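Keep in mind the model is a prediction, meaning the values are calculated, not measured. The sequence lines fix the lettering, A, B, ..., with proteins before strands; numbering per chain opens at 1.
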Amino acid sequence: MALSKLSSSSSRLTNLLKPVTTSFLLHRPISTDTTPLTIETSVPFISHQCDAPSRSVETTPKELLSFFRDMALMRRMEIAADSLYKAKLVRGFCHLYDGQEAVAVGMEAAITKKDCVITAYRDHCTFLGRGGTLLEIFSELMGRKDGCSNGKGGSMHFYKKDANFYGGHGIVGAQIPLGCGLAFAQKYSKDETVTFALYGDGAANQGQLFEALNISALWDLPAILVCENNHYGMGTAEWRAAKSPAYYKRGDYVPGLKVDGMDALAVKQVCKFAKEHALKNGPIILEMDTYRYHGHSMSDPGSTYRTRDEISGVRQERDPIERVRKLILAHDLATEKELKDIEKEVRKEVDDAIAKAKDIFHSPDAVICFSYSQESPMPEPSELFTNVYVKGYGVEAFGADRKEVRGVLP
Amino acid sequence: MATSFRRFGRRLVGSISRNNFSTSCEKQLIQQQDGGGKSLNLYSAINQALHIALETDPRAYVFGEDVSFGGVFRCTTGLADRFGKSRVFNTPLCEQGIVGFGIGLAAMGNRAIAEIQFADYIFPAFDQIVNEAAKFRYRSGNQFNCGGLTIRAPYGAVGHGGHYHSQSPEAFFCHVPGLKVVIPRSPRQAKGLLLSCIRDPNPIVFFEPKWLYRLSIEEVPEDDYMLPLSEAEVIREGSDITLVGWGAQLSVMEDACIDAEKEGISCELIDLKTLIPWDKEMVEASVKKTGRLLISHEAPITGGFGAEISASIVERCFLRLEAPVARVCGLDTPFPLVFEPFYMPTKNKILDAIKSTINY
């Protein structure tokens, strides 16, 4: 610890003297090292109808640092989305993921972009994990042209076809049967891919989950049902809504594993295990024990149904980013200063993406922006009529002038 | 918007039910006088109605997602404290379960007041509503019924709701014999109509205009009163054109009527209140007087309930109509996020349609 403090203060000195060199140096030792490292998960996996994977997780310094960076980016992005919403630049409903980052990051570390992912509306970070860009995210949030769905869907409707991200779905639980359908197609295509269908503890009580699970088990579909248990379905604590909040057991005949969803390495380990299992034996349920710091949505302060102590307790003891930070420092893979710099970098990246996504006409410094005009504009009004049906089948609207208006599709 | 709703309040007509649809109740329909009562917004009026419903009937229950904390729109605030957890309780997040459970509860002679958090989420329960609730009495030859069931759900645009917090699904339910669909326009209406719905011996879907929860303020009598179902109301008299609407859309239509009046067009505005079974006679009488009809709703135009009104009135008033029936509705697109202002049947769209109908 003393050593790292020393090196951080010395690099701060360098920073003062030669900022350019330092930021250059920053990439030097940290992100490239791929020497294997074995780290024990925080708590054991708890299994139902299957053997648990080993607690010893193989990783590398490079991976740990990428976990840190990716999660810091997600955290920053969600905080920024919060401010954009409060500034009324994001309209619609908005559900933030901060606190749950380890699930998105750990899952991505174990699977490929050929595997399918489908989730609910708390989807910003899942999308980012699938390779979505900040510009696509902020533009979509603000309903701009550069958004991943051309600004049509808004905060809770992200999709990315080239990375097999089948979307954030607005209706609770509705994405689970869809995910099992994706797995059904994968079983046909025999390309050794699987589907991760994510849902929350609220959705775990939906009937359609059990319908889809039965079919998946019956036909041995490579479907992995990931219950992101953040312990509150909106304002309702899990135990008020579920007779058995042991969601990993609720598949009965379907195997399940309970995982510390605040530990990215544990998530990675279990997702890797689940993929192998699903390809061989069919569906499996993964319950990720996680936590959302924000309220359910922007209209929920998140403090009426749980205590502030509970939230700060999780932040102090289980925060996924802090866990990785401690690991990095304990193994001396980077200095505190270097990690702080990563966070600064991430912050700038987010700010730049927002600046770019903001509409020229809404920007407070419209004149300056106009001269650059790199920002994402609002979609064309005709966009309202596109994609309702396939191209060529325009939507008819009955105009106030008593004439039918046919939307012309591009 | 709030001001035009206050206007509605004073015009309130409360005659005795002309149609015998709302036969229900153990209580007499109370005739409403102008004014009186405390100034309340719409969600508080709903809250008051629920308090009265639970107080007057020990076999009434309120349940739904997060209702014991007051619900996302605060409509159920204080109910759990007052009436206890056994009568006001949260359910898990399972709409099909909520409604199915409500049907069972109602079938045993209770008043089941179920809340679906947003009308957009009612579709998982669609099967239970359409195939179970609506047909229970018919299938069993009146041995059983679930008439005590009332399903409350906030519907409609809210300015920034996007796809799944803005839809108006009333037309789906208007296609189901055995159900009643009721939509109030103001706090006083909401309280009286909701109490009627709860006490009506038929299953009812009660859609609440979520845009008006806080916006619409009106003097609401504090006592227990009911407003007749299946009875429309002329909220503005006129002679040149009849406008028919319901819920939040009425305030937009009222604004259009005021603007039309400035141009010398006298509009008659009718609040349908109950969508099925609806008050054809009142609309027919009005159209026979004015010779023109305009219907406006937020839901997409195609297959909307406006189409049904239009067809029925053309059947009944064909020779009296001076112009085709006009419909100013939502567009045939999913409910948009950034293009909500284009999608909505706004005042100016209605005004244009009024003018072109008059000049047809």
Side-chain angles (χ1 to χ4, degrees), chain A residues 88 90-94 121 140 142-144 151-157 169-174 200-209 233-237 240-243 296-297 299-300 304-305 378-379 381 383-389 395-403 405 407, chain B residues 65-73 89-97 100 117-118 120-121 123-124 158-166 294 300-302 306 323-324 326-334 336-340 342-343 345-346 348-357 360:
Chain A
K88 293 200 189 283
V90 175
R91 307 307 305 271
F93 284 61
C94 183
Y121 41 81
E140 189 63 40
M142 294 190 277
R144 307 298 156 100
K152 260 183 166 152
S155 72
M156 56 168 106
H157 306 277
H169 291 253
I171 301 299
V172 174
D201 48 300
N205 300 314
Q206 278 273 348
Q208 48 191 334
L209 165 62
M234 295 193 67
T236 305
R240 291 178 188 271
K243 175 69 186 169
H296 163 76
S297 70
S299 49
D300 168 21
T304 49
Y305 46 86
M378 301 285 281
E383 192 66 22
L384 172 59
F385 298 98
T386 61
N387 308 134
V388 182
Y389 298 107
V395 179
E396 288 168 7
F398 199 68
D401 56 355
R402 326 198 111 274
K403 283 181 188 146
V405 182
Chain B
E65 291 155 15
D66 284 343
V67 297
S68 74
F69 310 130
V72 287
F73 291 107
F89 49 89
N90 287 342
T91 64
L93 209 166
C94 51
E95 290 78 11
Q96 185 173 18
Q117 203 162 56
F118 282 86
D120 311 66
Y121 308 160
F123 299 108
V158 70
H160 58 271
H163 308 326
Y164 295 135
H165 294 92
S166 309
L294 181 150
I301 186 163
T302 302
R327 288 183 289 157
V328 184
C329 306
L331 303 177
D332 285 336
T333 67
L337 180 74
V338 286
F339 290 123
E340 182 172 326
F342 295 114
Y343 172 94
T346 53
N348 287 339
K349 286 186 191 171
I350 296 169
L351 189 60
D352 283 356
I354 290 172
K355 284 192 225 161
S356 55
T357 304
Y360 184 78

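In this structure, A:Gly154 and B:Leu337 approach most closely via the heavy-atom pair CA-CD2, 3.4 Å. The shortest non-hydrogen separation linking B:Cys94 to A:Asn205 is CB-O, 3.6 Å. The two residues A:Ala241 and B:Pro92 have their closest heavy-atom pair at O-CG, 3.1 Å. Considering all non-hydrogen atoms of both residues, B:Val338 and A:Gly151 come closest at CG2-O, 4.1 Å. Between A:Met234 and B:Asp66, the shortest heavy-atom distance links the atoms CB-OD2, 3.2 Å. In terms of heavy atoms, B:Asp120 sits closest to A:Ile171 at O-CD1, 3.8 Å.
In this structure, A:Arg240 CZ and B:Phe69 CZ are separated by 4.5 Å, a value rounded to the nearest 0.5 Å. For the atom pair OG of A:Ser297 and NE2 of B:His165, the computed distance is 7.0 Å after rounding to the nearest 0.5 Å.
The residue among A:Lys152, A:His157, A:Met156 with the most heavy atom pairs within less than 4.5 Å of chain B is A:His157. For the options A:Ala174, A:Ala204, A:Gly173, A:Gly153, heavy-atom pairs under 4.5 Å to chain B are most numerous at A:Gly153.
Contact of B:Glu340 with chain A is not made at all, since no heavy-atom distance falls under 4.5 Å. Only the side chain of B:Phe118 comes within contact range of chain A, with at least one heavy atom under 4.5 Å from a heavy atom of that chain.
A donor-acceptor contact closer than 3.5 angstrom is absent between the side chains of A:Gln208 and B:Gln96.
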